[in-house]
2 protein chains.
Amino acid sequence: MDENLPTITEKCGKKILSVHDAMDILNGRWKITIVAALFLNKMRFTDLLREINGISGKMLSRELKDLEINQLITRTVLNTQPIGVEYELTEYGLTLEKVLKALSEWGVDHRKRITGR
Amino acid sequence: MDENLPTITEKCGKKILSVHDAMDILNGRWKITIVAALFLNKMRFTDLLREINGISGKMLSRELKDLEINQLITRTVLNTQPIGVEYELTEYGLTLEKVLKALSEWGVDHRKRITGR
DNA sequence: TGTCACTGTTACTTTTGGTAACTGTATGAC
DNA sequence: GTCATACAGTTACCAAAAGTAACAGTGACA
């Protein structure tokens, strides 16, 4: 009755692995939300602080660094006064579109569910 | 030049919010991976420990409780010896299919990218 | 009687996240 | 000139979450 159980890991375990890989890049409480914000528009530091409810400057700064290291976003210093820094999704970052879309749709449905549809 | 910036929040901020809502439920490092595992099959505690690389009993136990509270999975005690407990996605848990599919696909591509395509 | 499998829990440490105050530069108001 | 403001962060300190390892309780089996 149990003889075929090991094959679950062998055959389909890759899915678990790949999901975990994805979450390794998108770890922490804010990365996915930041990427979601940048899907709307490229934004500057303070724009992101405003758009993302609850995030602090420290966390935003740290998460943006991580996302840049992982090549999901670019950081461009503008020659404005005072200095502005613009964050934008890279082409690679844009490949997260389906993930973000799915999450957003599920989030909307979930909100309906918990607020009593 | 800045007059239209506030509308970003007003018009599209809901997407950011809904993504953040979704991540509030799927928070922590393991929940999404656990759900991914349960998409393959209903499983028992030790099965999950085996399938999910790196998780500890403590975290698995805790995350399963959270997922059960949020009605994404059910917990069924089997009358086997020694006692077995089976975890299974609820219908609501199954609504995460698109999210998991998107994450899995992105994870596969990402792995190709970092292991040198 | 001792060991094993299963499903957890507990105590302890490490890592991560949150808060609030601060840095440094430039700009316009007074 | 000096004061307050905006931008893009950083720092020091504290709280919460996650990781590790050892243990608990039950019954089967040798």
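Note that this is a predicted model, so its numbers are computed, not measured. Convention: sequence-line order gives letters A, B, ...; per-chain numbering from 1.
- Within the 4.5 Å cutoff, side-chain heavy atoms of A:Leu96 are placed close to those of A:Leu26.
- Between B:Asp24 atom CG and D:dA16 atom C1' the separation is 15 Å, expressed in whole Å.
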Result block: side-chain N/O donor-acceptor pairs under 3.5 angstrom for residues 84-93 of chain A, not counting sequence neighbours:
{"from": "A:Tyr87", "atom 1": "OH", "to": "A:Arg75", "atom 2": "NE", "distance (Å)": "3.3"}
{"from": "A:Thr90", "atom 1": "OG1", "to": "A:Gln71", "atom 2": "O", "distance (Å)": "2.7"}
{"from": "A:Thr90", "atom 1": "OG1", "to": "A:Leu72", "atom 2": "O", "distance (Å)": "3.1"}
{"from": "A:Thr90", "atom 1": "OG1", "to": "A:Tyr92", "atom 2": "N", "distance (Å)": "3.3"}
{"from": "A:Thr90", "atom 1": "OG1", "to": "A:Gly93", "atom 2": "N", "distance (Å)": "2.9"}
{"from": "A:Tyr92", "atom 1": "OH", "to": "B:His110", "atom 2": "ND1", "distance (Å)": "2.5"}

Dot-bracket summary - DNA chain C, pairs being Watson-Crick or G-U whose distances fall under 3.5 Å, with | when paired to another strand | ||||||||||||||||||||||||||||||
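- A straight line from CG of B:Leu60 to C1' of D:dA17 spans 16 Å, rounded to a whole angstrom.
- Residues that satisfy the side chain to side chain donor-acceptor pair (under 3.5 Å) test with B:Thr74, not counting sequence neighbours, are absent from this structure.
- Pairs passing the side chain to side chain donor-acceptor pair (under 3.5 Å) check and including a residue from residues 28-37 of chain B, sequence neighbours excluded, read A:His20-B:Thr33, B:Asn27-B:Lys31, B:Lys31-B:Glu63, B:Lys31-B:Asp66.
- Look at CG on A:Leu64: it is 16 Å from P on D:dC7, rounded to the nearest Å.
- Rounded to whole angstrom, the span from the CG atom of A:Asp66 across to the P atom of D:dG9 amounts to 14 Å.
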Between protein and nucleotides 14-23 of chain C, map the contacts as a letter string: B base, S sugar-phosphate only, - none, heavy atoms under 4.0 Å, written 5' to 3'.
-> ---BBB----
Below 3.5 Å is the cut-off: list the nitrogen or oxygen pairs between protein and nucleotides 4-6 of chain C, distance only.
{"from": "C:dC6", "atom 1": "O3'", "to": "B:Ile83", "atom 2": "O", "distance (Å)": "3.3"}

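- By the side chain to side chain contact (heavy atoms under 4.5 Å, CB included) test, A:Ala37 is found to be paired with A:Met43, A:Leu48, A:Ile52, B:Ile16, residues two or more places apart in sequence or in another chain being considered.
- In this structure, B:Ile52 atom CD1 and D:dA18 atom P are separated by 14 Å, rounded to whole Å.
- Legend: residues meeting side chain to side chain contact (heavy atoms under 4.5 Å, CB included) with B:Lys101, ordered by chain and number and at least two apart, are B:Glu105.
- Rounding to whole angstrom units, CG of residue B:Leu26 and P of D:dA17 are separated by 16 Å.
- Rounding to whole angstrom units, CG of residue B:Leu78 and P of C:dG8 are separated by 11 Å.
- With sequence neighbours excluded, no residue forms a side chain to side chain donor-acceptor pair (under 3.5 Å) with B:Arg62.
- Residues A:Leu38 and A:Ile73 form a side-chain contact, since some pair of their non-hydrogen atoms from C-beta on lies under 4.5 Å apart.
- Looking at residues two or more places apart in sequence or on another chain, you find no side chain to side chain donor-acceptor pair (under 3.5 Å) involving A:Asn70.
- Side-chain nitrogen and oxygen atoms of B:Lys31 include none within less than 4.0 Å of the OP1 or OP2 phosphate oxygen of D:dA17.
- In this structure, B:Met23 places its CE atom 15 Å from C1' of D:dA17, rounding to the nearest Å.
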Listing, residues 53-61 of chain B side-chain donor-acceptor contacts under 3.5 Å, not counting sequence neighbours, or none:
{"from": "B:Ser56", "atom 1": "OG", "to": "B:Met59", "atom 2": "N", "distance (Å)": "3.3"}

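- Sorted by first and then second residue, the ring-ring contact (aromatic ring centres under 6.0 Å, His included) pairs involving residues 39-79 of chain B (not counting sequence neighbours) form an empty list.
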